[in-house]
Visitor: 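Mind having a look at this structure? Questions to follow.
Predicted model, so just to flag it, every value in this text is computed and none were measured.
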Amino acid sequence: MRSDSFLRTLATAAIVCLVCSMLVSAATVALRPLQERNRAWDRKRNVLLAAGLIDENAQADIDALFGRIETQVIDLDTGMAVGGMDPETFDSVAFQRDSKTSRVLSPTEDLAGLKRRGRYELVYLLRQNGRLERVILPVRGKGLWSTMWGLAALGPDLNTIESFAFFAHGETPGLGGEVDNPRWKALWIGKKAFDAQGRPRLEVVKGAVDAGSPDAVHQVDGLSGATLTGNGVTNLLRFWLGEQGFGPLLERLRAENSAPAAPAEHAEHGSARPAG
């Protein structure tokens with residue numbers, strides 16, 4: 001083979017690679033806005049499912065229904081809402097990776113296997129006539145093979161599970177992947193997240209729940225052949241419902257819910273002057 005033929009072949013291959021990489025880069029840039037819109041739409045749909053405003057097969061105006069949801073950026077350390085952050089562009093993973101907005105978790109703290117915990121997270125609130133109906137909490141943590149991402153919805157008592165589902169994971173199909181099974185997700189509804197002392201107690205047990213056990217109200221049947229995935233679900237829920245997660249937020253909401261509201265007529269009577 002002549003050397004000039006080899007060089008010509010090499011040059012042709014380099015040009016083809018360059019052109020292809022430019023086309024791929026251009027397509028990525030052009031499609032990014034569409035991908036971001038699709039991610040935002042999917043996030044809203046999952047929140048609406050957790051809020052009980054739609055079902056799996058609903059054909060609904062997602063954006064219109066999502067207007068009923070109050071979205072807040074929360075400071076996990078205080079449980080307070082944070083101003084000046086746009087929920088639409090909020091990226092919890094970016095805050096988790098940034099050493100300025102996160103901290104390293106100790107082994108005893110890191111139940112969910114996150115290594116670092118960002119200071120800020122999104123939460124979603126559903127109110128009806130001013131009354132808090134559901135609090136929807138994003139949760140994530142390590143399973144067997146992947147980080148599992150889900151949403152846990154608490155009822156107005158901030159203890160009863162109204163909905164729990166994962167929207168992204170990479171667990172083994174037919175085993176840990178059964179976290180997507182509608183029958184298993186339905187087992188969570190009505191379970192109590194906390195015990196009488198306020199400690200997170202949700203648990204995926206090995207095998208079936210003993211209905212006669214006093215702990216049954218906190219427990220869900222295990223997934224056959226997926227003990228490590230089940231342990232991951234238990235750990236991530238206990239982390240996010242605890243003091244390192246949304247514990248301070250839930251304490252604030254409980255205090256707000258228990259505070260008596262002054263009736264409008266009482267305020268009016270208090271300002272009225274006696275006749276005569």
Side-chain angles (χ1 to χ4, degrees), residues 47 50-52 70 72-82 92 102-103 105-114 116-128 130-142 148 150-166 185 187-206 209-222 230-261:
V47 171
E70 178 184 341
Q72 294 184 357
V73 178
I74 296 297
D75 183 330
L76 293 178
D77 291 337
T78 65
M80 302 301 293
V82 179
S92 61
S102 68
R103 69 176 182 84
L105 294 167
S106 71
T108 55
E109 293 173 326
D110 194 15
L111 293 176
L114 300 174
R116 304 187 71 92
R117 191 216 67 176
R119 183 171 178 178
Y120 307 108
E121 287 289 340
L122 278 181
V123 296
Y124 307 93
L125 309 177
L126 175 65
R127 301 183 193 272
Q128 184 72 28
R131 180 176 182 268
L132 186 64
E133 292 292 333
R134 288 197 189 187
V135 177
I136 299 143
L137 306 174
V139 297
R140 63 185 183 275
K142 292 295 183 183
M148 300 181 290
L151 292 168
L154 298 176
D157 64 354
L158 300 175
N159 189 17
T160 304
I161 296 292
E162 299 290 348
S163 171
F164 176 53
F166 291 102
K185 290 188 289 188
L187 297 177
W188 290 91
I189 299 173
K191 295 296 180 178
K192 300 300 180 181
F194 303 94
D195 63 16
Q197 288 72 44
R199 296 172 298 193
R201 284 295 307 277
L202 289 170
E203 179 185 13
V204 179
V205 301
K206 188 173 182 179
V209 172
D210 177 2
S213 168
D215 293 327
V217 70
H218 307 295
Q219 297 175 333
V220 170
D221 294 351
N231 291 343
V233 174
T234 297
N235 290 334
L236 71 87
L237 282 170
R238 290 187 176 182
F239 175 85
W240 286 107
L241 293 172
E243 288 304 307
Q244 302 304 322
F246 295 111
L249 165 69
L250 296 174
E251 283 299 313
R252 173 173 71 83
L253 293 176
R254 289 187 188 103
E256 291 176 357
N257 283 356
S258 62

Visitor: Could you pull out the closest heavy-atom pair between Pro138 and Tyr124, with the gap in Å?
Guide: CG-CE1, 4.0 Å
Visitor: Quick one: list whatever passes side chain to side chain donor-acceptor pair (under 3.5 Å) with Ser106, sequence neighbours left out.
Guide: Thr108, Glu109
Visitor: The criterion is side chain to side chain donor-acceptor pair (under 3.5 Å); which residues satisfy it with Lys191, sequence neighbours excluded?
Guide: none
Visitor: CG of Asp110 to CZ of Phe239: how many Å apart, nearest 0.5 Å?
Guide: 6.5 Å
Visitor: Lys185: what forms a salt bridge (charged side-chain N to carboxylate O under 4.0 Å, His left out) with it, not counting sequence neighbours?
Guide: Glu56
Visitor: Check whether Asn159 reaches the backbone of Ala193 with its side chain - one donor and one acceptor, N or O, closer than 3.5 Å.
Guide: yes
Visitor: Listed by chain and number, what are the side-chain contact (heavy atoms from CB on, under 4.5 Å) partners of Leu253, not counting sequence neighbours?
Guide: Leu125, Leu132, Val135, Leu158, Leu249, Glu256
Visitor: Quick one: ring pair (Phe, Tyr, Trp, His ring centres under 6.0 Å) partners of Phe194, sequence neighbours excluded?
Guide: none
Visitor: Can you find a pair of side-chain heavy atoms, one from Leu154 and one from Ile161, that are under 4.5 Å apart?
Guide: yes
Visitor: For Asp215, which residues count as a salt bridge (charged side-chain N to carboxylate O under 4.0 Å, His left out) partner, sequence neighbours excluded?
Guide: Arg201
Visitor: Sequence neighbours excluded, which residues qualify as ring pair (Phe, Tyr, Trp, His ring centres under 6.0 Å) partners of Phe164?
Guide: Phe166, Trp188
Visitor: Tyr120 and side chain to side chain contact (heavy atoms under 4.5 Å, CB included): which single residue from Ile74, Leu76, Val73 fits?
Guide: Val73
Visitor: What are the two closest heavy atoms between Arg140 and Leu236, and how far apart are they?
Guide: O-CB, 3.7 Å
Visitor: Calculate, to the nearest 0.5 Å, the distance between atoms CZ and CG belonging to Arg238 and Leu202 respectively.
Guide: 8.0 Å
Visitor: Tell me every residue that passes side chain to side chain donor-acceptor pair (under 3.5 Å) with Ser102, counting only those two or more places apart in sequence or in another chain.
Guide: Arg116
Visitor: Rounded to the nearest 0.5 Å, how far apart are CZ of Arg131 and CG of Asn257?
Guide: 8.0 Å
Visitor: Check Ala153 against Ala50 and note the closest heavy-atom contact, atom names and distance.
Guide: CB-O, 3.4 Å
Visitor: Once salt bridge (charged side-chain N to carboxylate O under 4.0 Å, His left out) is applied, do any residues pair with Arg117, and if so which ones, sequence neighbours excluded?
Guide: Asp77
Visitor: Just how far is it from atom CD of Glu133 to atom CD of Gln128, taken to the nearest 0.5 Å?
Guide: 6.0 Å
Visitor: I'd like to check the salt bridge (charged side-chain N to carboxylate O under 4.0 Å, His left out) partners of Lys192; sequence neighbours left out, ordered by chain and number.
Guide: Asp157
Visitor: Return the set of residues passing side chain to side chain donor-acceptor pair (under 3.5 Å) with Glu70 (not counting sequence neighbours), or none when no residue passes.
Guide: Gln72, Arg127
Visitor: If you round to the nearest 0.5 Å, how far is CD of Glu121 from CG of Leu137?
Guide: 10.0 Å
Visitor: My understanding is that only residues two or more places apart in sequence, or in another chain, count here; which of them pass side-chain contact (heavy atoms from CB on, under 4.5 Å) with Pro248?
Guide: Glu243
Visitor: Can you tell me how far the CZ atom of Arg103 sits from the CD atom of Gln244, to the nearest 0.5 Å?
Guide: 4.5 Å
Visitor: Identify the heavy atoms of Ala216 and Ala211 that sit nearest to each other, and give their distance.
Guide: CB-O, 4.1 Å
Visitor: For Val209 versus Val220, what's the shortest heavy-atom pair and its separation?
Guide: CG2-C, 3.4 Å
